[in-house]
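Every chain is numbered from 1, with letters handed out A, B, ... down the list of sequences.
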Protein chains: 2
Amino acid sequence: MLKESVIMHSISDIHQDEGNTVCSNWASPNKLWSSLADVGEFLHTSAPQTMQHEKVSFQHLHFKAGQRIHALGQEFDALYLVNSGFIKTVLFDENGYEQVLNFPMKGDVLGMDSMHSHEYASEAIAMSDCDIILLPYKTLISLCRSHEQLEQAIYSLLSRELARQQQRLSMHGTSSAEARVAKFLLALSERFYSLGYSRTTFNLRMTRNDIGSYLGLTLETVSRTLSALNELGVISVSQRQITINDASALRNLRKLPSTKLKTKLTECFQGSHIANWALAPALS
Amino acid sequence: MLKESVIMHSISDIHQDEGNTVCSNWASPNKLWSSLADVGEFLHTSAPQTMQHEKVSFQHLHFKAGQRIHALGQEFDALYLVNSGFIKTVLFDENGYEQVLNFPMKGDVLGMDSMHSHEYASEAIAMSDCDIILLPYKTLISLCRSHEQLEQAIYSLLSRELARQQQRLSMHGTSSAEARVAKFLLALSERFYSLGYSRTTFNLRMTRNDIGSYLGLTLETVSRTLSALNELGVISVSQRQITINDASALRNLRKLPSTKLKTKLTECFQGSHIANWALAPALS
DNA sequence: CGTCTAGTTGAATCGCATCAACAAGCGTGG
DNA sequence: CCACGCTTGTTGATGCGATTCAACTAGACG
């Protein structure tokens with residue numbers, strides 16, 4: 001709620017916030033070690049209390065914006081639990097082009113796609129200053145053996161991630177560019193909200209290029225789509241600053257009207273009230 | 001090796017093979033129960049011997065072609081290990097259209113995307129008669145606790161699947177229709193080979209529609225692409241029967257020549273020798 | 001102040017989807 | 001046995017949506 005107000009301020013305020021690792025909801029911002037109970041809580045285990053008496057502690061790592069958290073091909077020996085900051089994970093195709101896989105943030109775990117290998121299968125890059133908890137793989141696994149809820153949490157993380165990837169895959173096959181961008185914005189909105197930020201106003205931490213890569217589009221298409229949604233009044237865009245004006249319109253979006261025929265505007269939404277008030281100014 | 005020769009026979013032989021569940025490499029074709037050691041071996045655990053003395057046994061289930069193995073929304077309580085047969089897993093989008101997620105076959109595990117939930121997150125449909133080993137989730141998890149290699153195998157399965165999905169996602173974003181189909185054929189080829197079948201000649205078990213859904217294309221595009229590859233001589237297609245004539249050409253394929261300008265044919269391959277001998281008849 | 005990256009916007013192109021017609025395989029039942 | 005419907009696959013014509021190429025603007029940074 002405190003952050004809520006911070007975010008609701010002007011753009012400059014948010015840019016300030018972006019520059020440092022301080023996050024108001026930390027118990028102790030500069031903590032260097034976390035207990036197992038902390039980690040358990042982070043991963044939403046059912047009973048972190050039972051971990052209270054464990055003596056292990058986990059090291060915190062700090063990364064500056066732009067730094068690599070782990071590189072492709074680097075020896076795999078740990079998972080990374082994001083405590084604060086914004087990250088992108090990428091893959092490189094045969095031509096060296098990078099494909100964005102995900103935008104992990106607080107509470108997300110990195111490296112799960114590499115547990116079967118001795119090398120990291122992807123690369124993680126800090127998009128802002130980050131505070132990350134190092135979870136050495138062997139330590140974690142052996143703790144799982146004694147803490148059933150922790151083990152279940154790990155399974156859940158992996159499984160949930162798998163299910164999410166499937167949803168994305170499905171979306172890629174069917175949806176239009178507009179629908180993808182709309183869903184992306186909605187998903188971001190929900191994630192920010194669940195972290196205590198505003199649901200309606202937030203800052204994209206990534207470039208248009210990164211968004212495009214993530215969604216399977218080009219940066220131009222992303223830019224155009226954002227502009228179009230802005231034009232319609234569904235969202236307000238100014239650089240990376242986004243305000244969602246009509247979430248339900250975003251949810252119901254199928255495709256945007258072609259610039260030529262504005263008469264078919266109503267077809268683009270399915271029974272959303274925005275069709276009416278967005279149409280009025282557009283047609284006048 | 002025995003199966004190899006079977007497959008290398010005529011098409012009619014293979015069609016016969018498709019009709020029944022008999023698979024020559026079973027220890028006992030009609031087995032109803034498997035031991036933990038069997039399962040461990042199946043999952044490529046490092047030391048299945050240590051599981052010899054476990055008294056648990058796992059039930060086999062039989063499904064006929066077209067039957068659902070598990071349905072979306074059904075209560076999740078077990079993973080399924082494919083012992084024989086061909087399966088497709090699907091998801092349904094908001095309009096009820098089905099999105100193909102995967103084509104599991106022998107040795108693959110179903111249901112991993114549902115471990116975090118109390119319901120299956122996707123649907124599995126038998127494309128041929130199938131023999132499947134039921135792995136009750138709770139039983140499996142508790143066995144993991146006492147058999148470290150088994151636990152590691154489960155982690156590996158999940159992680160590997162995640163990594164594969166990422167690769168697919170990446171491919172969807174960048175590759176052309178031709179490249180996707182080519183990669184799909186190569187991947188199938190390798191899987192069949194690893195199961196003891198021929199690497200070069202095999203039978204697609206799925207429709208063009210299913211392939212299209214899996215690859216994010218329409219069935220027409222899949223059909224056209226297969227026809228074009230056939231025309232070039234890179235593969236031979238007859239209905240669902242595929243023969244790969246030049247695997248390296250498939251691997252190096254970027255995009256097919258447009259029907260209008262055959263002069264730029266060489267651009268479509270990167271230094272493959274097929275460019276030469278495929279060009280000759282095409283240009284003459 | 002110039003350079004570099006990020007973002008916007010326009011015009012032309014192209015790849016794939018869409019729509020449609022048709023052929024082939026297959027099971028069913030007269 | 002062929003007639004019939006149904007599913008699957010092929011192929012052509014057309015149009016749209018997204019990419020591509022390009023020009024331009026606006027901040028960021030040393």
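- Of all nucleotides listed (D:dG9, D:dA18, C:dT18), D:dA18 comes nearest to the side chain of A:Thr221.
- The phosphate of D:dT8 has neither OP1 nor OP2 within less than 4.0 Å of any side-chain N or O from B:Thr207.
- The shortest distance between the side-chain N/O atoms of A:Thr218 and the OP1/OP2 oxygens of D:dA18 is not below 4.0 Å.
- Residues that satisfy the side chain to side chain donor-acceptor pair (under 3.5 Å) test with A:Ser227, not counting sequence neighbours, are absent from this structure.
- The salt bridge (Lys or Arg N to Asp or Glu O under 4.0 Å) test applied to B:Glu123 returns B:Arg68, not counting sequence neighbours.
- Residues satisfying the side chain to side chain donor-acceptor pair (under 3.5 Å) test with A:Arg168, not counting sequence neighbours, are none.
- Projected onto DNA chain C by closest heavy-atom contact, A:Gly173 and A:Asn209 fall at different nucleotides, the more 5' of which corresponds to A:Asn209.
- Between A:Ser227 and C:dT9, a side-chain N or O to OP1/OP2 separation shorter than 4.0 Å is present.
- Using a 4.0 Å heavy-atom distance criterion, A:Leu219 is classed as a base contact.
- Rounded to an integer number of Å, the gap from A:Arg208 CZ to D:dA26 P is 16 Å.
- Bending across the helix from C:dC1-D:dG30 to C:dC26-D:dG5, expressed as the angle between its end axes from five pairs apiece, amounts to 40° (10° rounding).
- Residues passing the ring pair (Phe, Tyr, Trp, His ring centres under 6.0 Å) test with B:His70, sequence neighbours excluded: B:Tyr80, B:Tyr120.
- With sequence neighbours excluded, no residue satisfies side chain to side chain donor-acceptor pair (under 3.5 Å) with A:Gln74.
- Taking A:Lys88 as the reference, A:Glu98, A:Asp210 meet the side chain to side chain donor-acceptor pair (under 3.5 Å) condition, with sequence neighbours excluded.
- Only one option out of A:Thr243, A:Thr200, A:Asn245 pairs with A:Ser236 in a side-chain hydrogen bond (donor to acceptor under 3.5 Å, both in side chains); it is A:Asn245.
- Between the CG atom of A:Asn230 and the C1' atom of C:dT9 there is a distance of 14 Å, given to the nearest Å.
- Applying the ring pair (Phe, Tyr, Trp, His ring centres under 6.0 Å) test to every pair with at least one member in residues 209-235 of chain A, sequence neighbours left out, gives these pairs: A:Phe103-A:Tyr214, A:Phe184-A:Tyr214.
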N/O to N/O distances under 3.5 Å, protein versus nucleotides 19-24 of chain C:
| from | atom 1 | to | atom 2 | distance (Å) |
| --- | --- | --- | --- | --- |
| C:dC19 | N4 | B:Glu220 | OE2 | 3.2 |

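- The shortest side-chain heavy-atom distance between A:Asp108 and A:Arg191 falls under the 4.5 Å cut-off.
- Across all strands, B:Gly212 comes closer than 4.0 Å to no nucleic acid atom at all (heavy-atom distances).
- Regarding contacts with the backbone of C:dA6, every side-chain N or O of A:Arg240 stays at 4.0 angstrom or more from both OP1 and OP2.
- The CD-C1' distance, from A:Gln241 to C:dG7, rounds to 15 Å in whole Å.
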